[in-house]
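Presented below is the structure to which this report refers.
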2 protein chains.
Amino acid sequence: MAATIKDVARKAGVAFSTVSLVLNDRANVSPETKERVRRAIEELNYRPKHSARSLASKQTGNIGFILTDDHFSRAEPFYTKIFLGTEFESRLYNYYILLTTIPPSFKAATDTPRFLREHNVDGVILAGHVPTALSKLLDELDIPHVYVDYSHQKKQSNVVMMDNLNGAKAAMKHLFQLGHEKIAFIGAEITHPSISSRFEGYKVALADASIAYSEQLIQIQKTFLSVEEGFNATEILLRKNRNFTAILAANDAMATGALQCLKKNGYKIPQDVSIVGFDNIDAGTLTMPQLTTVNIDKEELGAIAVRRLIEMINSKKQFLGTIYTPVDLIIRESTSPTASN
Amino acid sequence: MAATIKDVARKAGVAFSTVSLVLNDRANVSPETKERVRRAIEELNYRPKHSARSLASKQTGNIGFILTDDHFSRAEPFYTKIFLGTEFESRLYNYYILLTTIPPSFKAATDTPRFLREHNVDGVILAGHVPTALSKLLDELDIPHVYVDYSHQKKQSNVVMMDNLNGAKAAMKHLFQLGHEKIAFIGAEITHPSISSRFEGYKVALADASIAYSEQLIQIQKTFLSVEEGFNATEILLRKNRNFTAILAANDAMATGALQCLKKNGYKIPQDVSIVGFDNIDAGTLTMPQLTTVNIDKEELGAIAVRRLIEMINSKKQFLGTIYTPVDLIIRESTSPTASN
DNA sequence: TACGTTGATCGAAACGTTTCGATAATTGTA
DNA sequence: TACAATTATCGAAACGTTTCGATCAACGTA
């Protein structure tokens with residue numbers, strides 16, 4: 001059997017509560033006893049047991065990570081990276097991450113994650129779209145939580161976002177510099193705050209460059225930000241209007257779909273049409289040509305969320321506001337100057 | 001404050017140990033008290049606290065998932081899927097998964113995962129390459145563990161594998177049927193049991209078809225199973241010998257690299273050269289043409305590992321042997337009949 | 001009728017920590 | 001020199017469960 005705190009105490013010749021003081025690096029322990037206890041711990045290879053610690057300290061040492069099902073199946077690589085970011089960061093602070101998914105049709109009665117029911121997390125990170133019922137539940141439970149890449153409007157909360165607006169503007173600026181003016185936008189899930197900001201960036205960039213906005217160049221799908229919908233959106237676009245020389249896609253998946261669609265229709269990329277994606281998912285280097293895209297440091301988003309959450313847990317503060325992380329344009333092969341340039 | 005078992009007992013008018021009996025569905029509780037307790041639980045919205053339960057029952061309710069760092073950065077989508085498989089399956093059995101990565105140069109003194117130090121898991125799942133030092137540590141700690149997609153030779157253990165041999169043979173048979181005989185093999189990390197089995201399958205298939213094996217058609221890299229190395233291997237292959245009409249790649253990443261290399265060299269795929277990958281990663285549908293590949297049900301591998309592990313935890317059995325899950329060929333666009341067919 | 005069995009419930013101990021009030025020893029202050 | 005304040009250590013209670021032996025009532029059996 002593994003050694004307990006009492007074994008250590010016996011070996012060091014102190015009360016076991018003193019060992020606890022040493023363990024937690026509390027004040028008012030003499031250097032000598034500290035050393036003696038340290039040695040006993042070393043010799044017995046003692047490690048405090050997590051569950052006992054949790055019970056006594058009323059802290060679980062766990063952080064919950066919640067994602068809707070469909071995010072995993074659809075946009076997996078993006079949120080997976082965010083998850084991994086939380087995982088690595090939380091290790092530095094001695095927290096475990098407990099992952100779970102929920103259905104988009106979340107109902108508190110049936111879908112409440114087990115770690116919430118069992119009081120097994122000190123705080124929660126929510127990535128991507130969050131059902132309103134879940135937000136409400138978390139508010140009621142009075143448990144610290146931070147959103148990543150999502151937010152409920154008109155509600156005070158803690159949010160980690162990337163700078164979608166400037167990302168889209170940077171992408172547009174790049175296209176302008178290459179001589180493009182007829183630039184199409186394809187998207188979906190336009191109610192998602194990140195996507196609507198990207199679309200906003202597209203429009204602002206046009207306005208800044210004094211180029212007229214045209215509905216003819218916009219195709220926003222009712223469904224998902226998938227490769228397939230990127231393909232579909234581009235097909236519709238081609239039917240409406242063959243006059244564009246570049247496409248800004250709401251994410252890399254749609255950009256990939258656009259690429260496939262244009263190639264099937266005999267276009268050469270980037271010679272005939274330039275394409276810019278968003279997210280910089282790994283698969284963007286597998287397409288031919290490789291995608292020019294707006295890079296998001298997904299791991300960093302997760303890391304920031306963890307630091308945020310731990311700050312909230314420790315300070316008991318409720319609302320720390322919204323953080324924006326910067327993004328940057330990665331120029332690869334899917335963009336080039338217009339023919340006239 | 002949340003209700004405790006004592007609150008429930010008071011409300012139901014029973015001893016709190018009786019509530020525990022009901023909670024754990026033990027024998028010898030009358031239907032009436034059972035009902036009374038159930039109602040009290042319902043009314044108070046009581047849920048047993050995980051940490052208290054762990055402490056008393058000496059079971060943590062957690063399963064550790066260990067992966068080497070480089071697996072996450074390199075072959076991410078593959079092992080990530082396995083991880084997700086364990087996550088979903090473990091939920092059914094009321095276990096939490098605790099994920100951690102370790103360096104390939106694992107040293108017990110410095111790199112032992114925290115959940116092992118803190119006695120915070122009932123068992124461990126190891127995916128992909130496992131450092132020998134870690135295997136030894138787990139044996140010493142006497143903690144149930146199962147390997148997924150890896151195994152240490154000549155050691156009794158618990159392993160979940162896919163049927164690599166037959167996967168490779170199925171891929172070869174497909175190529176034979178299309179008329180291919182000059183089939184190249186590219187690979188890397190040949191010491192990994194899965195990869196060596198795939199290579200073995202390649203050779204067995206040739207022998208079964210009475211086609212001579214030629215070193216000229218083999219290129220095995222010293223490094224990693226990456227897109228880049230697939231590219232490199234194919235370049236070397238082209239220098240050695242331009243006589244092949246098909247390539248079997250050790251995994252999809254290398255197949256993608258081969259595809260990129262051949263296209264850069266002016267080959268048309270699949271008209272000039274057919275390519276078959278292995279793993280069926282999502283990105284295989286993003287290439288043009290889409291990859292023909294051997295499908296592995298990665299989530300299922302994870303799920304099997306969880307069931308295995310829980311069986312071991314409950315039965316105290318040490319060695320349950322090796323399970324092989326079937327694989328199947330997915331024919332997409334990267335393979336076609338030879339010119340002569 | 002007496003007694004062993006069985007079934008239902010209870011009470012107490014145990015799990016391994018943290019935390020807090022008490023106590024003893026030491027130091028500082030007037 | 002006496003007393004207050006501070007520092008170091010201790011002991012006990014608390015955290016919220018599970019588990020096990022004890023108790024008691026009801027029942028069947030001889």
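Below, read A as the first sequence line, B as the second, and so on, with proteins coming before strands; counting in each chain starts at 1.
- The listed nucleotides are C/dT9, D/dG16, C/dC15; the one nearest the side chain of B/V29 is C/dT9.
- Closest approach to the A/S17 side chain among D/dG11, D/dT7, C/dT18 is made by D/dG11 (side chain taken as heavy atoms from C-beta onward).
- The side chain of B/K49 lies closest to D/dT17 when the candidates are C/dG16, D/dT17, C/dT9.
- As judged by a 4.0 angstrom heavy-atom cut-off over every strand, A/S30 is placed among residues touching the sugar-phosphate backbone only.
- Distances shorter than 4.0 Å separate some side-chain N or O of B/T18 from OP1 or OP2 on C/dC10.
- Of the listed nucleotides (C/dT19, D/dG11, C/dT9), C/dT9 has the atom at the smallest distance from the side chain of B/T33.
- Between the P atom of D/dT9 and the CZ atom of A/R10 lies a distance of 19 Å, rounded to the nearest Å.
- To the nearest angstrom, C1' of C/dT17 lies 12 Å from CD of B/E118.
- In this structure, B/N28 atom CG and D/dG21 atom P are separated by 15 Å, rounded to whole Å.
- Side-chain atoms of B/L21 lie closest to C/dT9 of the nucleotides D/dT9, D/dT17, C/dT9.
- Atom CZ of B/F319 sits in a crowded spot, with more than 12 heavy atoms from other residues, nucleotides or ligands closer than 6.0 Å.
- Between the side chain of B/H145 and the backbone N or O of B/I143, at least one donor-acceptor pair lies under 3.5 Å.
- With distances taken from any side-chain atom of B/F16 to the nucleotides C/dT9, C/dA12, C/dT19, the minimum falls on C/dA12.
- For the pair B/R53 and D/dG16, the criterion of a side-chain N or O lying under 4.0 Å from OP1 or OP2 is not met.
- For the pair A/R91 (side chain) and A/T86 (backbone), a donor-acceptor distance under 3.5 Å is absent.
- Taking atom NZ on A/K6 and atom P on D/dA12, their separation rounds to 11 Å, with Å as the unit.
- A/H50 has its NE2 atom 17 Å from the P atom of D/dT17, to the nearest Å.
- Between B/E32 and B/R36, none of the side-chain N atoms (NZ, or NE/NH1/NH2) sits under 4.0 Å from a carboxylate O, so this pair counts as no salt bridge.
- Using modelled atom types, one finds no donor on one side chain facing an acceptor on the other under 3.5 Å when comparing A/Y96 with B/N62.
- Each of B/S57 and B/G13 lies near DNA chain C, and the nucleotide nearest B/G13 is the one positioned closer to the 5' end.
- Straight-line distance from the CZ atom of A/R117 to the C1' atom of D/dG16: 18 Å, rounded to whole Å.
- With rounding to whole Å, B/N120 atom CG is found 19 Å from C/dC15 atom P.
- With distances taken from any side-chain atom of A/A56 to the nucleotides C/dT18, D/dT17, C/dC15, the minimum falls on C/dT18.
- Here the side chain of A/R26 is nearest to one of C/dT19, D/dT17, C/dG11, namely C/dT19.
- For A/D7 and C/dC15, the CG to C1' distance is 14 Å, given to the nearest whole Å.
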